[in-house]
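Side chains included, hydrogens not; waters and symmetry mates left out as well; all remaining heavy atoms used. Lettering follows sequence order; numbering is per chain, from 1.
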Number of protein chains: 2
Amino acid sequence: MKNDKQKTRDRILDAAEELFAQKGHEGVSVRQIMAKAEADVSLAYYHFKSKRDLFDQVMLRRADILNDIRLKALEAVEKRHPADAPTVEEIIDAFTHPLLDLLAREHDEWKYYFRLIAQVNNSPEWGGELMTRYFDPLVERFVQALRKALPDCEDADLFWSYHFLSGALTLTFAETGRIDNLSGGTVKSSDLASVVERMPKFLAAGFERLCK
Amino acid sequence: MKNDKQKTRDRILDAAEELFAQKGHEGVSVRQIMAKAEADVSLAYYHFKSKRDLFDQVMLRRADILNDIRLKALEAVEKRHPADAPTVEEIIDAFTHPLLDLLAREHDEWKYYFRLIAQVNNSPEWGGELMTRYFDPLVERFVQALRKALPDCEDADLFWSYHFLSGALTLTFAETGRIDNLSGGTVKSSDLASVVERMPKFLAAGFERLCK
DNA sequence: ACTAGTATTCAACGATCGTTGAAATTATAC
DNA sequence: GTATAATTTCAACGATCGTTGAATACTAGT
């Protein structure tokens, strides 16, 4: 039953994604994952080579989708500007908007994956290698576009600006609720429409001041 | 031997800090910590109530120092402006500069603590409660100062701006080396002087555009 | 030197960890 | 329907986990 195979493997991936996002790679046992997936412990090692392999597959599963929609968003912006270069805010919007939009519209489907990304990006253990492997080709593409929009910008300013962008974006993904506490309820981390309209403006201003 | 007691306790805290920062709370065992501290496993439970308590004490140990130097930096800026309000960049500089400066000048002493903060801030499990408990009083103080510098700014814009700031700052603390890979070596995450001169400018621009 | 408290060592508890091999079940192809 | 392959179950391995209690060494006050 081909259908069931896929179902079981995906159920394991779903359970692993949620638990990894909440407690981290080492904070969750294979047994806990399989209990949530309602399958025998051994099945983890039938469908995956090891716990680490399962973790990698969780990361991989959705990475291509993200890279795809972001690339398409960038190409759409560039197509709108056949002669001149797009503005910085347009480029940043193409980089962030698809993700925030996805998180907003299919929240239950994507929230755990984004939380996982937030943790991985900020972990010395995983951040360097994993993020580079899965997302850097796309990021380089965006950096190119930004360089064209800011032709006088030095590389150091450009890369540091991207670094600040990355930090702001991933903390938003984490949805820790800290901003909720801090603001006394006037701001909700789950209010992503609120972020979509603010983040590109905020970050574009940073790029432009640093790269002027 | 009062001196040795403090020595042992601190050795345990040092070892725990380094390992927690690298692998996370669940990624490290008490035995590994005590091996690095060169002390018997039981001593962990003589000096601390539990593994979780040890983690909390690691977090607490340096929090007061940070809150203190940042508050002093803010007060210094305000003293320089007896009549008018300080600029946004001055306030953000008071918020970020002391930390980056500390990390730069006493790197070996502080790097693991900052990496730990980066992970905690981006973890749904810890981020909300722990960060709130240790750092929010100071953050509220800074938000007040920013509100005075940006009197027309709505609270939502102000808090979201702080949120972006927080993400950029903590990712810098993480020192994952990802920016090193991405830039092909032109930028080094360890080059903190480079950050000190860029981050306040970048972030102040964001605040000002969003809150204009 | 004796005592009281502090600090450290040693040995062990039950629980849970990641992982595996072999048997049993179910689906697919002829 | 029978053989073959894919999937699932069951039982268990040695290792390591957080934690504890009791015995030992050390320090400080008298």
Side-chain angles (χ1 to χ4, degrees), chain A residues 1-61 112 116 119-120 123 125-126 129-130, chain B residues 1-61 112 116 119-120 123 125-126 129-130:
Chain A
M1 196 189 282
K2 191 80 144 302
N3 208 10
D4 267 14
K5 163 183 174 174
Q6 204 61 359
K7 238 186 214 160
T8 298
R9 208 187 111 100
D10 276 349
R11 270 211 330 279
I12 299 174
L13 284 170
D14 287 341
E17 183 178 73
E18 177 169 346
L19 291 175
F20 282 148
Q22 281 167 348
K23 313 255 195 182
H25 176 262
E26 323 269 0
V28 183
S29 68
V30 177
R31 284 170 172 84
Q32 289 174 315
I33 294 170
M34 300 310 286
K36 179 174 268 281
E38 291 179 284
D40 190 275
V41 202
S42 310
L43 275 175
Y45 295 88
Y46 175 73
H47 289 283
F48 304 95
K49 282 166 48 187
S50 62
K51 186 186 181 185
R52 172 59 203 258
D53 180 47
L54 170 55
F55 183 85
D56 283 338
Q57 298 308 320
V58 167
M59 290 290 295
L60 258 174
R61 180 166 59 146
Y112 296 118
L116 191 51
Q119 284 180 268
V120 167
S123 147
E125 186 85 345
W126 312 94
E129 204 240 337
L130 272 188
Chain B
M1 200 189 281
K2 192 78 144 304
N3 209 10
D4 267 14
K5 162 180 176 176
Q6 204 62 359
K7 238 189 215 159
T8 299
R9 209 186 111 101
D10 277 349
R11 269 210 332 277
I12 299 174
L13 284 170
D14 287 341
E17 184 178 71
E18 176 169 345
L19 292 175
F20 282 148
Q22 279 165 350
K23 313 256 195 182
H25 177 262
E26 323 269 0
V28 183
S29 68
V30 178
R31 285 171 172 82
Q32 290 173 317
I33 294 170
M34 299 310 286
K36 179 173 270 280
E38 292 178 284
D40 190 274
V41 202
S42 311
L43 274 176
Y45 296 89
Y46 175 73
H47 289 284
F48 304 96
K49 281 166 51 186
S50 62
K51 186 187 182 185
R52 172 59 205 258
D53 180 47
L54 170 54
F55 183 85
D56 284 338
Q57 298 307 320
V58 167
M59 290 290 296
L60 258 174
R61 180 167 58 146
Y112 297 119
L116 190 53
Q119 285 181 267
V120 167
S123 148
E125 186 85 348
W126 312 94
E129 204 240 338
L130 272 189

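A/L19 CG to A/L116 CG: the interatomic distance, rounded to the nearest 0.5 Å, is 11.0 Å. Taken from CD in A/E18 to CD1 in A/I33, the straight-line distance is 11.0 Å, to the nearest 0.5 Å. The distance from the CD atom of A/Q22 to the OH atom of A/Y112 is 5.5 Å, given to the nearest 0.5 Å. In this structure, CZ on B/F48 lies 4.0 Å from CG on B/L13, to the nearest 0.5 angstrom.
Residue A/V30 places its side chain closer to C/dG18 than to any other of D/dC17, C/dG18, C/dT8. Side-chain proximity of B/S50 to C/dG18, D/dT19, D/dG18: nearest is D/dT19. The side chain of B/Y46 has C/dT6 as its nearest neighbour among C/dT6, D/dT8, D/dG18.
A/Y45 is listed as a side-chain neighbour of A/V30, based on a closest heavy-atom distance under 4.5 Å. You'll find the side chain of B/D10 reaches within 4.5 Å of the side chain of B/R61, heavy atoms only. For the pair B/F55 and B/V120, the minimum side-chain heavy-atom distance is below 4.5 Å.
Within residues 15-26 of chain B, no residue has any heavy atom closer than 4.0 Å to DNA chain D. A heavy atom closer than 4.0 Å to some atom of DNA chain C occurs in A/R31, A/V41, A/S42, A/Y45, these being the qualifying members of residues 31-45 of chain A.
Residue B/K51 contributes atom NZ, which lies 14 Å from atom P of D/dT20 at whole-angstrom precision. Computed from coordinates, the A/I12 CD1 to D/dT7 P distance equals 11 Å when rounded to whole Å. Distance, A/K49 NZ to C/dG18 P: 18 Å, rounded to whole Å.
In summary, A/E26 and B/K23 do not engage in a salt bridge, as defined by a charged side-chain N under 4.0 Å from a carboxylate O.
Remark: B/H47 is in phosphate contact with C/dT8, judged by side-chain N or O atoms under 4.0 Å from OP1 or OP2.
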